[in-house]
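Sequence lines set the chain letters: A, B, ... in the order given, protein chains first and strands last, and positions in each chain run from 1. Quantities reported herein were computed from a predicted structural model and do not represent experimental measurements. Just so it is clear, the values below take in all heavy atoms, side chains as well, and ignore hydrogens, waters and symmetry mates.
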2 protein chains.
Amino acid sequence: MARGRKTVTIRDVAEDAGVSLQTVSRVVNGGPNVRPQLRDKVRAAIERLGYVPSLAAQRMSGSRSYIILAINDRERTLADWRERRGTDWVDQMLLGGILTCSKHGYRMMVELIDTHSDHVERELGAAISALQPDGVILTPPHSENALITGLLTERGIPFARIGSNAPGPGIALTMGDEGAAHLATARLAELGHRRIAMVAGPAQYSLSGWRIEGWKRAMRELGLPSDGLLEAGDFGYESGTRAARALLDRNPDCTAIIASSDQMALAALEVARERGLRVPEDISLISFDNTPIVRFTQPPLTAIDQPIAETVSRAVEQLIARGPDGADDAVIEVAAALVERLSTAPAPGSA
Amino acid sequence: MARGRKTVTIRDVAEDAGVSLQTVSRVVNGGPNVRPQLRDKVRAAIERLGYVPSLAAQRMSGSRSYIILAINDRERTLADWRERRGTDWVDQMLLGGILTCSKHGYRMMVELIDTHSDHVERELGAAISALQPDGVILTPPHSENALITGLLTERGIPFARIGSNAPGPGIALTMGDEGAAHLATARLAELGHRRIAMVAGPAQYSLSGWRIEGWKRAMRELGLPSDGLLEAGDFGYESGTRAARALLDRNPDCTAIIASSDQMALAALEVARERGLRVPEDISLISFDNTPIVRFTQPPLTAIDQPIAETVSRAVEQLIARGPDGADDAVIEVAAALVERLSTAPAPGSA
DNA sequence: ACAAGTCTTGAGAACGCTAACAACATACGC
DNA sequence: GCGTATGTTGTTAGCGTTCTCAAGACTTGT
């Protein structure tokens with residue numbers, strides 16, 4: 001077996017092209033002061049030998065590591081996965097991240113970290129020390145964890161916080177949860193609905209609050225009361241069942257529900273069915289997330305599409321563009337869209 | 001801003017513990033010949049300083065890179081993603097991989113690579129040169145690409161091929177596609193079905209062939225003819241529609257369909273509906289994959305669960321356990337299971 | 001008690017790359 | 001034509017770790 005054919009190093013290229021190591025390095029990194037003639041010669045040698053710089057060596061020599069680290073919540077990810085709920089969030093994040101990273105010669109790594117306070121510093125610290133990433137992407141519920149943002153700030157590593165619009169340290173990227181909830185509510189009102197209920201997410205996620213805000217603002221603007229029309233779940237199916245039942249028990253006149261996750265919307269759909277309510281004839285449903293499952297339910301659900309991939313992509317681009325020193329704070333919004341399917345219709349008796 | 005607090009290196013630990021670099025290195029890597037007293041002293045220093053070895057430096061010094069690289073097909077992944085079909089496969093793979101990697105102090109990286117022959121060597125070669133992974137995990141359709149396995153063999157990098165049971169180079173991990181198809185077919189026969197059709201995957205994937213084999217073997221063992229009951233799709237929804245229509249046109253007496261992917265099963269479900277066939281009363285349906293969507297269709301689908309996460313986990317463990325030299329070939333099978341839901345029932349008119 | 005081993009520790013080189021600096025060539029101003 | 005800015009190339013050191021090899025401290029057998 002032709003095992004272990006020696007790796008092509010920068011030295012081999014230098015030799016082949018008849019120049020010094022440094023010149024090759026300059027060509028590889030797009031250095032500014034190289035004569036075109038030499039540059040082409042070096043490029044030819046690189047091509048011929050199939051040279052690719054070693055990431056480890058680059059990192060060692062004090063330059064960038066070309067790694068972006070994405071932090072996900074271990075508990076949630078594992079629960080989603082174990083119960084085969086699907087982890088579309090991870091998917092979207094990964095794909096958006098990988099694609100954008102590779103466009104810039106970077107790589108993305110995913111790390112699962114416990115939210116528990118005594119673990120979080122150890123685990124994140126270890127990951128950072130081992131990988132020395134050029135940037136970190138934080139996803140909920142880590143996005144507003146002061147322990148984490150503090151650690152990253154202290155170590156001088158640029159980071160982006162997904163799903164947060166609190167103008168704290170680092171780059172905050174939000175999907176405009178307030179606006180999205182407002183959009184959904186307004187659309188339902190447009191269809192003639194007056195009693196529009198909201199199944200919110202857990203208070204631990206700040207986006208839950210923003211969605212409630214958006215819903216309340218829309219109701220207020222339309223002169224509709226929102227009292228008694230709010231329930232909270234934990235994004236999971238069971239909590240959605242509980243919330244939908246409570247909501248319908250309390251408001252028999254409710255004709256529309258906005259659920260803060262697809263799972264909870266699915267639960268609401270089932271609760272409606274168990275009570276003999278037809279969707280969308282008797283009650284309309286809008287969910288948040290727009291994961292693949294909502295296209296295959298009966299009826300397919302109208303949903304707010306979370307542009308997770310695009311958001312993460314933007315985050316990566318910011319991180320890379322700003323480089324090691326540009327950790328300036330910023331708030332960026334990537335707009336969500338309403339995808340209308342068959343779970344929404346004019347309110348019963350309207351028009 | 002307390003920017004850039006210096007990283008803790010092995011030198012700091014050595015100084016703190018009053019020993020040489022080498023001793024610390026030995027303790028960190030579980031070296032065999034260190035006196036317990038010293039070992040504890042060094043461990044205490046590591047703990048106190050929060051030392052974590054730099055991955056880049058470890059790699060540089062010629063030891064392992066502690067990185068496992070997973071290769072996915074770019075085209076398929078992007079298509080799945082763009083059309084929001086969901087990429088459950090990526091999910092499962094990633095999670096199974098990450099979890100097992102981190103258990104052993106490894107990391108997993110995902111790379112999307114084009115199947116096109118002129119790209120594949122360049123792209124994979126570049127990824128390998130840059131990352132220098134300790135092992136590579138190949139997923140279909142790369143698992144049996146001779147260009148890829150050749151390149152890896154030549155470079156002496158151990159690799160695992162997921163979804164292949166061809167006893168070629170490297171470790172082949174199969175989910176027992178032949179057995180799984182046999183299982184599904186036998187179960188349907190048990191329910192009284194005689195005309196059991198198969199919507200297979202594309203021939204490009206060898207597992208498609210194995211599934212056909214399993215189905216044919218079961219039919220043969222049961223003394224049932226299988227002629228005219230086979231159609232092939234490309235795993236996608238549209239191809240499933242075409243296949244199901246062709247199948248039902250040709251075999252009005254068909255009472256059961258096994259589809260080689262959830263998407264194609266969904267399509268078959270829709271085709272049945274459009275022809276006024278009730279599932280499962282008139283026709284039973286079994287799909288392959290068991291992604292999250294099949295739990296939420298009407299009715300929920302009986303499915304063969306692909307133990308992707310477990311398979312990848314096994315692959316990672318093999319790769320790590322064998323180390324840099326143990327590239328011995330092997331074939332490992334992780335059994336798939338049949339998850340019965342509501343799309344299967346006794347054949348019409350039976351019992 | 002002495003030679004021959006084994007265990008334990010340390011010193012120095014090496015991995016592949018880039019930063020910082022030095023050296024040389026070329027251009028420009030007067 | 002000489003000094004100074006600017007462009008181009010090469011040289012050296014160092015990043016943090018592990019490997020190789022050597023030296024010292026213990027054993028053990030006779």
Measure from CG on B/Leu49 to P on D/dG16 and round the result to the nearest Å.
14 Å
Between A/Arg11 and A/Arg35, which has a closest nucleotide on DNA chain C that is more 5'?
A/Arg11
Main-chain N/O of A/His119 paired with A/Asp114 side-chain donor or acceptor, under 3.5 Å
no
Once you apply a heavy-atom cut-off of 4.0 Å, does A/Arg26 come out as touching a base, just sugar-phosphate, or nothing?
base
What is the separation between atom CG on A/Leu55 and atom C1' on D/dC15, rounded to the nearest whole Å?
15 Å
Does A/Ser25 make a side-chain N or O approach to OP1 or OP2 of C/dT18 shorter than 4.0 Å?
yes
Between P on C/dA19 and CD1 on A/Ile10, what's the gap in Å once rounded to a whole number?
11 Å
From CG of A/Leu21 across to P of D/dA13 the rounded distance in Å is 14 Å
Within the structure shown, what part of the strands sits under 4.0 Å from A/Val34 by heavy-atom distance: base, sugar-phosphate, or nothing?
sugar-phosphate
We want to know whether A/Tyr66 and A/Arg59 form a side-chain donor-acceptor pair, criterion being a heavy-atom distance below 3.5 angstrom.
no
So, OP1 or OP2 of D/dC15: does either fall under 4.0 Å of a side-chain N or O from A/Arg59?
no
A/Leu131 atom CG is separated from D/dT17 atom P, nearest whole Å, by 14 Å
Would one find a side-chain N or O of A/Thr23 under 4.0 angstrom from OP1 or OP2 of D/dG10?
yes
Send over the distance from B/Asn29 CG to D/dT20 P, rounded to a whole Å.
14 Å
On the nucleotide C/dT6, are OP1 or OP2 found under 4.0 Å from the side-chain N or O atoms that B/Asn33 carries?
no
Side-chain donor-acceptor pair under 3.5 Å between A/Ser164 and A/Glu144, yes or no?
yes
Pairwise distance CZ(A/Arg122) to CD(B/Glu47) - rounded to 0.5 angstrom
5.0 Å
Rounded to whole Å, how long is the line connecting atom CD of B/Glu15 with atom P of D/dG16?
13 Å
Map B/Val19 and A/Tyr51 onto DNA chain C by nearest heavy atom, then report which one ends up closer to the 5' terminus.
B/Val19
Do the side-chain N or O atoms of B/Ser20 get closer than 4.0 angstrom to the phosphate oxygens (OP1, OP2) of C/dG10?
yes
Side-chain N,O (A/Tyr66) to OP1/OP2 (C/dT18) below 4.0 Å:
no
Let me know the distance between CE of B/Met60 and C1' of D/dT17, rounded to the nearest Å.
9 Å
Tell me whether B/Asp40 contacts the main-chain N or O of B/Gln37 through its side chain, where contact means a donor paired with an acceptor under 3.5 Å.
no
For C/dG10, take OP1 and OP2 only and decide whether either is under 4.0 Å from a side-chain N or O of B/Gln22.
no
